[in-house]
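Here's the structure, in structure tokens; my notes come after.
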Amino acid sequence: MNFPDNIKYTKDHEWISVQGKIGTIGVTDYAQGELGDVVFIDIDSNKTDIKLGDSVGTIEAVKTVSDIYSPCSGKIVEINKELQTRPELVNTDPYNSGWIVKIEMSDPAELDSLLDSKAYKSLIGK
Amino acid sequence: MKKTTLFNIHEKLGAKLVEFAGYLMPIQYSSIIAEHKSVRNSVGVFDVSHMGEIFVTGEKAQDFVQYITVNDASKLFPGRVQYSAMCYNDAGIVDDLLVYKISDDKFLLVVNASNIEKDFSWMNENNKFGVSLENKSDEYSLVAVQGPNSNKVLQKICNKDLNLEYYHFFNAKIADVEMILSRTGYTGELGYELYFKGDEKIAEQVWYKIFEAGKEFNIQPVGLAARDSLRLEMGFMLYGNDIDKTTNPLEAGLGWITKLNKGSFLGREMLLKIKAEGLKRKLVGMLGHDKSFPRHGYEIKADNKNIGEITSGTISPVLERPIAMGYVDISHASEGNEVNFVVRGKESSVNIVKLPFIKK
């Protein structure tokens, strides 16, 4: 299982990668393994004012459904359209082509409360 | 927690293991969808050793089976299998099961893993025929080999001509191991179930020989998750989801195995009454169109009113559309009707369709 050092993690198994004010968000390798085959992703694109920890949508996998909790406050600026036809990218490439949404962050300081890869690995017992 | 004789193999294969009916069972090995498709397109192998095997012996074995099950056991002959169910006196379902007629005085009843103890007690309570009842569930391993190439795989390692008809069985050797080999399964595909005794060494010998023989067909191990989606595409019941003690076989669409005219059996009087009064609800198949995932327990609505609940649901790996079963009020149960199921407050429309979802 792979947990890159250059991104931040949440206790709910999301990751966020930051470029300027834009945070790219997905779920971790551990999360995709626990979920199993992802069949679709449902993002609530009408939500404009997202608070840290809000659900921005759901991931439906064969076994179960799971919320995607935002690791930051802000607004959704882009949704990964590729996932509409290839949801399995969340399983096969969770940190790159399997990204889920991009959020324009309103309070980048929030990122300090997130986990680094070492802390995340210890959380999941790896 | 119990482990099957094939546990070490599942671990070695890196299967995701979960507790099911007191056993640690493989839920998936690689991808549920890939495992599902391997059964539909070629051949897959399941360890279902957690299932229960109860033997009925005695002069009145057939009378006992006839009394305790709803299907007509007098239609059976040695080497024939029958799908059946057991009912309580109030017509609620104790379990669904397979009935194997071995000889006039010997039957094998194959029951659901989660119900073994309950079923065995129920059988003993109702044994007014002096038959001998033996629960040999812990002695038997059960491996299912399912898919269009299953015959070709097993024929290579079977000591007999494997020309079994659907729901027939015989004793044969597979991989030099003596077993009951039956053409049955829970997938809707051509397939076989292998019942055999012995320790881990024996079970692993059978498993490895099957995989060796199946190599040219890209044979795959298949977990319980794909077993569930495979059976659901065929509209097969899962006890605990689609049927239980609060449902009766008539509303569950099991009228075809409920032989009310065969003579006395447990539950018959109530079933006759239910039939005379007419069904209040019915288990139906539902096919969706949009991206929504029906799951057990979701509410079903029509005209803004609750009309039932989903008992099983998934996205069909073959149809790539939502499929579900559930009980709905009889007034809404006709094929073609549009109803909605509710996911987190959002309604998704589905049409009531004839089962199975995929034709074989």
Side-chain angles (χ1 to χ4, degrees), chain A residues 1-2 12-13 26-47 50-51 53-70 76 79-94 97-98 100-101 124-126, chain B residues 14-20 25-40 220 222-233 241 288-298 310 312-324 341-348:
Chain A
M1 239 177 267
N2 174 28
D12 301 310
H13 314 290
V27 298
T28 68
D29 199 6
Y30 174 78
Q32 71 76 18
E34 289 298 301
L35 283 167
D37 305 57
V38 171
V39 286
F40 60 86
I41 287 130
D42 190 10
I43 299 297
D44 193 353
S45 50
N46 297 326
K47 251 188 193 165
I50 293 162
K51 295 271 181 294
D54 279 359
S55 171
V56 293
T58 54
I59 299 184
E60 293 273 3
V62 177
K63 262 186 298 182
T64 187
V65 56
S66 177
D67 276 296
I68 306 158
Y69 297 106
S70 181
I76 295 176
I79 295 171
N80 187 354
K81 289 200 177 69
E82 183 77 7
L83 297 182
Q84 287 175 8
T85 49
R86 299 180 62 201
E88 68 276 10
L89 291 173
V90 173
N91 294 115
T92 55
D93 193 18
S97 55
I100 295 170
V101 289
I124 58 171
K126 297 286 164 187
Chain B
K16 197 163 283 178
L17 299 156
V18 296
E19 196 259 324
F20 184 81
M25 298 300 290
I27 185 114
Q28 74 183 89
Y29 297 86
S30 53
S31 138
I32 298 170
I33 295 170
E35 290 168 30
H36 182 111
K37 288 183 176 171
S38 72
V39 173
R40 288 273 177 259
Q220 295 294 323
V222 186
L224 295 184
R227 181 171 152 86
D228 190 50
S229 52
L230 286 158
R231 68 92 193 165
L232 183 50
E233 280 185 340
N241 272 37
H289 327 276
D290 51 4
K291 286 199 171 179
S292 54
F293 201 122
R295 297 184 193 274
H296 178 82
Y298 285 1
I310 286 174
S312 290
T314 194
I315 303 285
S316 159
V318 170
L319 302 174
E320 295 183 336
R321 286 169 69 179
I323 58 171
F341 71 89
V342 187
V343 189
R344 296 156 174 253
K346 268 198 266 181
E347 294 192 14
S348 284

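The sequence lines fix the lettering, A, B, ..., with proteins before strands; numbering per chain opens at 1.
Only the side chain of B:T314 comes within contact range of chain A, with heavy atoms under 4.5 Å apart. Only the side chain of A:V39 comes within contact range of chain B, with at least one heavy atom under 4.5 Å from a heavy atom of that chain. Heavy atoms of B:I315 lying under 4.5 Å from chain A belong exclusively to its side chain. In this structure, chain B has no heavy atom under 4.5 Å from any part of A:E88. Proximity to chain B is limited to the side chain of A:D42, based on heavy atoms less than 4.5 angstrom apart.
Partners of A:E82 according to the salt bridge (charged side-chain N to carboxylate O under 4.0 Å, His left out) rule, which considers only residues two or more places apart in sequence or in another chain, are A:R86.
Of the listed residues (A:I59, A:N91, A:V65), just one forms a side-chain contact (heavy atoms from CB on, under 4.5 Å) with A:L35, and that residue is A:I59.
Residue with the most contacts toward chain A among B:K16, B:K291, B:E320: B:K291 (heavy-atom pairs, distance under 4.5 Å).
For the 3.5 Å distance criterion, the side chains of A:H13 and A:E34 fail to qualify, holding no donor opposite an acceptor. The closest side-chain donor-acceptor pair between B:R344 and A:T58, if any, does not fall under 3.5 angstrom. Defined by atom type and a distance below 3.5 Å, a donor-acceptor pair is present between the side-chain atoms of B:S31 and A:D37.
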